[in-house]
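Computed from a predicted structure; not experimentally measured. Along the sequence shown, residues are numbered consecutively beginning with 1.
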Amino acid sequence: MKTKLLLLAGFGLSFVAVPALAQEAGPPAPAPVPTQQPAMGDPRADFVIAGAGIGILPNYEGSNDYGVSPVPAAIGQVDGFRFVFLGNRLSVDLIRDGFGPTVDLQAGPIAVIGFNRNSADAIDDPQVALLDERNTAIELGGYVGIGKTGVITSDYDRLSATISYRYDVAGAHDSGILTPTLAYTTPLSTKAIAGLFLSAERVEQGYGDAYFSVSAAESLRSGLPVYDADGGWKNYTIGLAGAYSLTGDLTGGLQLVAGGTYRRLLNDFSASPVTAIAGSPHQWLGTVGLAYSF
C-alpha cells in the first residue's frame, strides 16, 4: 500500500526529529526503486508501525554534557486518521483525505511533555545543577501542513511543510513555541529509505526566562552571571534519517532506523551563561533503533 510506504518513510524522519541519529557510512549501491505505483487497496486501512531506540542527547537545552535515553515511537492509521507518537510527543492528523492523489493536507492537535531541567540530578554541570529546577512542561497546541508525493526521484518521494504552535499549560514556562518544518524523504531501494528535515523554533518571553535567564539568587548559588533572556528565534535544526529493512521490504517487516541532528542555538539563547559559559550553542543528537510494521 502506497500510504503505508509513505508513512514508513515519515517514521524514520520523525524518529530522528526529537532526539536523533547516527549516520551510516558507505552503503552499497541501492537496488532500483519501483517506478510503477502498486495497488493501493483501501487508503484508510488500519495499521501501525511501532519502534523503540536509544537516543544520545544533551543533559539540558544548551548543555555540552550528554546522556542516554530510551525513545519509543509509533506511526499509524485508525479509521483513516493518522497519528504520530514519538518519545515525548503525540500528534493526530484530523484530515482523512488529501487534495488529489499526490497532495496531502494535514491539520490536528499536538501535545508535548517537556523535561528540560526538571531534575538537577540529571545535570552533570555543577553550576547549572545549582539553578532552580523547572516544572515538567505540558505543551498543547496544533499544526497545519501540506505534503506532496512524487516530487523528484520517484512516485514515492515526499516533500512536506508544516507549522505548529503549542503552549505550556503546566506552569513550567507559561509561553508558546512556534515551529516551522520542511522535510523530504526518498526511497533508495525497495529496502532502504533516507530523509532530511529543516526546522526552527521561535519562543515567547516565558520560555527564555525559564530556561536561559539567571536570577540574582541563582547567580549567588551557581557563580554564573545574572542574565535576562528575551523571546525570539531560539534555534535552527538540520536532521538526517534512514531506515533499512532487515526482513521483508519497506512496506512491511522489521526495520533498522538511524540518523542524527545538529541544532544551533541563536540570539539570547546562545549568549546565556547557561549556554555560553556552562554549555555550548552546538547541540548534537543521535538515535538508533528498530521498528516493525504491522
Side-chain angles (χ1 to χ4, degrees), residues 10 12-23 55-66 69 71 84 86-89 91 106 110 112 114-117 137 139 141-148 151 158-168 173 175-186 194-213 227 229-242 258-287:
L13 203 58
S14 298
F15 191 76
V16 180
V18 173
L21 307 126
Q23 296 182 9
I56 300 175
L57 63 161
N59 287 173
Y60 63 88
E61 190 172 23
S63 176
N64 59 359
D65 297 310
Y66 288 77
S69 176
V71 185
V84 177
L86 177 62
N88 64 338
R89 65 185 61 201
S91 63
Q106 308 153 33
I110 182 171
V112 177
F115 301 102
N116 191 22
R117 281 180 47 197
E139 298 161 358
Y143 74 100
V144 295
I146 185 170
K148 176 73 169 66
V151 181
R158 175 182 174 86
L159 179 66
S160 66
T162 60
I163 187 166
S164 69
Y165 178 84
R166 59 188 195 270
Y167 192 92
D168 170 43
H173 57 83
S175 59
I177 303 171
L178 182 73
T179 308
T181 302
L182 186 67
Y184 176 75
T185 55
T186 182
L196 166 72
F197 79 90
L198 307 171
S199 69
E201 287 185 314
R202 183 177 180 86
V203 300
E204 297 172 359
Q205 175 73 45
Y207 192 100
D209 280 340
Y211 301 118
F212 293 91
S213 290
Y227 188 79
D230 291 326
W233 287 107
K234 179 171 66 72
N235 64 269
Y236 66 82
T237 302
I238 302 172
L240 295 170
T261 67
Y262 168 72
R263 172 175 291 182
R264 177 62 159 87
L265 294 175
L266 307 170
N267 303 318
D268 280 14
F269 315 97
S270 174
S272 166
V274 171
T275 304
I277 296 176
S280 171
H282 306 287
Q283 305 282 281
W284 298 93
L285 306 136
T287 303

(message) Within the structure provided, determine whether Pro58 and Leu285 are in side-chain contact (heavy-atom separation under 4.5 Å).
(response) yes
(message) For Asp268, is there any backbone N or O sitting under 3.5 Å from a side-chain donor or acceptor partner on Tyr227?
(response) yes
(message) Looking at Tyr211 and Val274, would you say the former's side chain and the latter's main chain have a donor-acceptor pair under 3.5 Å?
(response) no
(message) Please report the interatomic distance CH2(Trp233) to CZ(Phe269), rounded to the nearest 0.5 Å.
(response) 11.0 Å
(message) Please determine whether side-chain hydrogen bond (donor to acceptor under 3.5 Å, both in side chains) holds for the pair His173 and Ser175, giving the CA-CA distance in whole Å, both sets of side-chain angles, and the decisive distance to 0.1 Å.
(response) CA-CA 6 Å; His173 57 83; Ser175 59; 2.7 Å; yes
(request) Measure the CD-OH distance between Gln283 and Tyr60 for me, rounded to the nearest 0.5 Å. (result) 8.5 Å
(message) I'd like to check Phe197 versus Tyr184 (side-chain heavy atoms, cut-off strictly below 4.5 Å). Are they in contact?
(response) no
(message) Is there a side-chain contact between Thr275 and Asn64 in this structure, where contact means two heavy atoms from C-beta onward sitting under 4.5 Å apart?
(response) no
(message) In the structure I gave you, are the side-chain heavy atoms of Leu265 and Phe212 within less than 4.5 Å of one another anywhere?
(response) yes
(request) Apply salt bridge (charged side-chain N to carboxylate O under 4.0 Å, His left out) to Arg166 and list each qualifying residue two or more places apart in sequence or on a separate chain. (result) Glu139, Glu201
(request) Calculate, to the nearest 0.5 Å, the distance between atoms CD1 and CG belonging to Ile163 and Leu182 respectively. (result) 12.0 Å
(message) In the structure I gave you, are the side-chain heavy atoms of Arg202 and Pro180 within less than 4.5 Å of one another anywhere?
(response) no
(message) With salt bridge (Lys or Arg N to Asp or Glu O under 4.0 Å) as the rule and sequence neighbours excluded, what pairs involving residues 56-65 come up?
(response) Glu61-Lys234, Glu61-Arg263
(request) Answer whether the closest heavy-atom distance between the side chains of Ile238 and Leu196 falls below 4.5 Å. (result) yes
